[in-house]
Amino acid sequence: MLRELKTFIAVTQDGTFAAAGQRIGLTQSAVSAQIRGLEDYLGMTLFDRTGRSAVLNAAGSRILPMAEQILEIFASMSQPESLGDFRGVIKIGAISTFQTGLLPQVLVKLHQSAPALETKLVPGVSFNLLTQVDAGNIDLAIVIKPGFPLAKDLHSETLAREPFVLIAPTHLQGEDPIALLREQPFIRYDRTSFGGRMVSQFLRSQRLEPKVVLEIDEIDAIVKMVENGLGVALVPLAGLWLERKANLRVVSLDELTFHRELILVMRHAHRQSPLHMLIGRCLHDVAQTSLSHQ
């Protein structure tokens, strides 16, 4: 029945048999057959089927948390008694600034506790990584907290809050960030990214319409553009540029400062997994150490 329970949970997440089947690699008829078999075994219907949609009824809503618990317990059975004996593969998603920033230190700590563990790093932007965690394609991810609620099946933990600052070429004078944004060419943090949306909200709140000369979703690339005199930019204090002596000016936003929040995201069903808990501890330890050194 484990296979049927997994399919049942997939249908609750995707809303239709067809969508669930596409995600887990089954035909719609195979999904229907598995759900029908589960309902026959339990002696009750689990969904109200209206058109193409499959909506949980009262019985299905009661069964869902128990199904998730059964699968969670089964998954824990395959965990070794000691994480030092773990020989599996775990897929970790991370945005670029975390990959080149704190992640190497996290992986060192992780492999000290689980030396036989193989980690696979999956790069990407926050939205795509969230989607992959939700779909079960990766185990967890470090992303920027979005401006909308996470999917109900996702669990998140805050790792750090990174302040945004204005960066400007060294030859530019002035300490007023608003004046610099109003007068100078602007290199825009990609407005479709979570961090870029925060920049857009800030500009709207200050009624600013700077002259955009470039839009890009890569913080270290933005820094290089500013160093070469292309314009000014609003970026978070994150990235490889902080580890070298960048040839630019950092202007504080003072009371106008806004932050992006880095979060660890995983499925609720995994939050008590010994391995996921270990990775969470490593992430929090490294993040806290980094903050104490700032």
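Quick note: numbers below take in every heavy atom, side chains included, and nothing from hydrogens, waters or symmetry partners.
- A distance of 4.5 Å separates CG in Leu121 from CD in Gln99, rounded to the nearest 0.5 Å.
- For the pair Val250 and Leu248, the minimum side-chain heavy-atom distance is below 4.5 Å.
- Taking a 6.0 Å sphere around CZ of Arg207, one finds it holds 12 or fewer heavy atoms contributed by other residues, nucleotides or ligands.
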| said: Before you tell me yes or no, could you show the steps for Val89 and Leu117 under side chain to side chain contact (heavy atoms under 4.5 Å, CB included), namely the whole-Å CA-CA distance, both residues' side-chain angles and the distance that decides it to 0.1 Å? | reply: CA-CA 6 Å; Val89 178; Leu117 176 68; over 6 Å; no

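- Interatomic distance, Ile187 CD1 to Ile167 CD1, rounded to the nearest 0.5 Å: 7.0 Å.
- Looking at Asp220, its side chain does come within 3.5 Å of a backbone N or O of Leu240 through a donor-acceptor pair.
- Clustering ILVMFWY residues whenever any of their side-chain heavy atoms sit less than 4.5 angstrom apart, transitively, puts Met277 in a cluster other than the one holding Val286.
- Linking Ile, Leu, Val, Met, Phe, Trp and Tyr residues whenever their side-chain heavy atoms come within less than 4.5 Å places Met44 and Phe8 in a single cluster.
- Separation of atoms CZ (Phe17) and CD (Gln28) is listed at 8.0 Å; rounding is to 0.5 Å.
- Judged purely by distance below 3.5 Å, without hydrogens or angles, the side chains of His155 and Glu157 pair a donor atom with an acceptor atom.
- The closest donor-acceptor contact from the side chain of Ser252 to the backbone of Asp254 lies under 3.5 Å.
- Looking at Gln206, its side chain never comes within 3.5 Å of a backbone N or O of Ile178 through a donor-acceptor pair.
- At a threshold of 4.5 Å between non-hydrogen side-chain atoms, the residues Asn247 and Asn228 do not count as touching.
- Cluster membership for Met225 and Val213, using ILVMFWY side-chain heavy atoms within less than 4.5 angstrom, is shared.
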Donor-acceptor list for residues 122-137 side chains, cut-off 3.5 Å, not counting sequence neighbours:
residue: Ser126; atom: OG; partner: Ile144; partner atom: N; Å: 3.0
residue: Thr131; atom: OG1; partner: Phe127; partner atom: O; Å: 3.0
residue: Asp134; atom: OD1; partner: Arg267; partner atom: NH1; Å: 3.4

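- At a threshold of 4.5 Å between non-hydrogen side-chain atoms, the residues Lys6 and Leu71 count as touching.
- In this structure, Pro236 and Tyr189 have side chains that are in contact, with non-hydrogen atoms separated by less than 4.5 Å.
- The shortest heavy-atom contact between Glu215 and Asp190 is OE2-OD1, 3.2 Å.
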**OP:** Take Glu227 and Lys245 through the test salt bridge (charged side-chain N to carboxylate O under 4.0 Å, His left out) and record every step on the way to the result.
**Re:** CA-CA 11 Å; Glu227 287 182 305; Lys245 189 174 181 181; over 6 Å; no

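- Residues Leu275 and Val108 are members of separate hydrophobic clusters, defined by side-chain heavy-atom contacts under 4.5 angstrom among Ile, Leu, Val, Met, Phe, Trp and Tyr.
- In this structure, Ile263 and Ser156 approach most closely via the heavy-atom pair CD1-CB, 4.1 Å.
- Residues Ala67 and Leu5 come closest through the heavy atom pair CB-CD2, 3.9 Å.
- Scanning both residues, Gly280 and Leu264, for their nearest heavy atoms gives CA-CD2, 3.9 Å.
- Looking only at side-chain heavy atoms (C-beta outward), Leu110 and Thr119 come within less than 4.5 Å of each other.
- Looking at Glu39 and Arg49, a side-chain N of the basic residue comes within less than 4.0 Å of a carboxylate O on the acidic one, giving a salt bridge.
- Side chain to side chain, Arg188 and Ser200 meet the donor-acceptor criterion of an N or O pair below 3.5 Å.
- With contacts defined as side-chain heavy-atom distances shorter than 4.5 Å, the pair Leu2/Glu4 does not qualify.
- Using a 4.5 Å heavy-atom cutoff, the side chains of Gln184 and Leu172 are in contact.
- Counting only residues at least two apart or on different chains, no ring-ring contact (aromatic ring centres under 6.0 Å, His included) pair has a member in residues 92-118.
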### side chain to side chain contact (heavy atoms under 4.5 Å, CB included) between Val265 and Leu140, intermediate numbers included
CA-CA 6 Å; Val265 179; Leu140 48 83; over 6 Å; no

Q.
The test is side chain to side chain contact (heavy atoms under 4.5 Å, CB included); show your working for Leu64 and Ile9 and say whether it passes.
A. CA-CA 7 Å; Leu64 178 58; Ile9 291 172; 4.0 Å; yes

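- Separating the CG atom in Leu103 from the CD atom in Gln105 is a distance of 9.5 Å, to the nearest 0.5 Å.
- More than 12 heavy atoms of other residues, nucleotides or ligands shown are found within 6.0 angstrom of CD on Glu218.
- Note that OG1 of Thr257 and CG of Leu253 are 4.5 Å apart. Values are rounded to the nearest 0.5 Å.
- Ion pairing between a basic and an acidic side chain is recognised when a charged N comes within 4.0 Å of a carboxylate O; Glu175 and Arg249 show such pairing.
- Between Arg161 and Arg260, the closest side-chain pair of non-hydrogen atoms is not below 4.5 Å.
- Across all non-hydrogen atoms, the minimal contact from Thr45 to Asn57 is O-ND2, 3.0 Å.
- Smallest separation of non-hydrogen atoms from Gly195 and Phe164: O-CZ, 3.9 Å.
- Side-chain atoms of Arg271 come within 3.5 Å of backbone N or O of His268 as a donor-acceptor pair.
- The list of ring-ring contact (aromatic ring centres under 6.0 Å, His included) pairs with a residue in residues 194-229, not counting sequence neighbours, reads Phe148-Phe194, Phe202-Phe258.
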- Message: Apply side chain to side chain contact (heavy atoms under 4.5 Å, CB included) to residues Ile138 and Ile90 and explain how you reach the verdict.
- Response: CA-CA 8 Å; Ile138 59 178; Ile90 191 159; over 6 Å; no

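- Atoms CZ and CG, from Arg3 and Leu26 in turn, are 8.0 Å apart once rounded to the nearest 0.5 Å.
- When atom types are taken as modelled, the side chain of Asp139 and the backbone of Ile92 share no donor-acceptor pair closer than 3.5 angstrom.
- One hydrophobic cluster, built from ILVMFWY side chains closer than 4.5 Å, holds both Leu214 and Val212.
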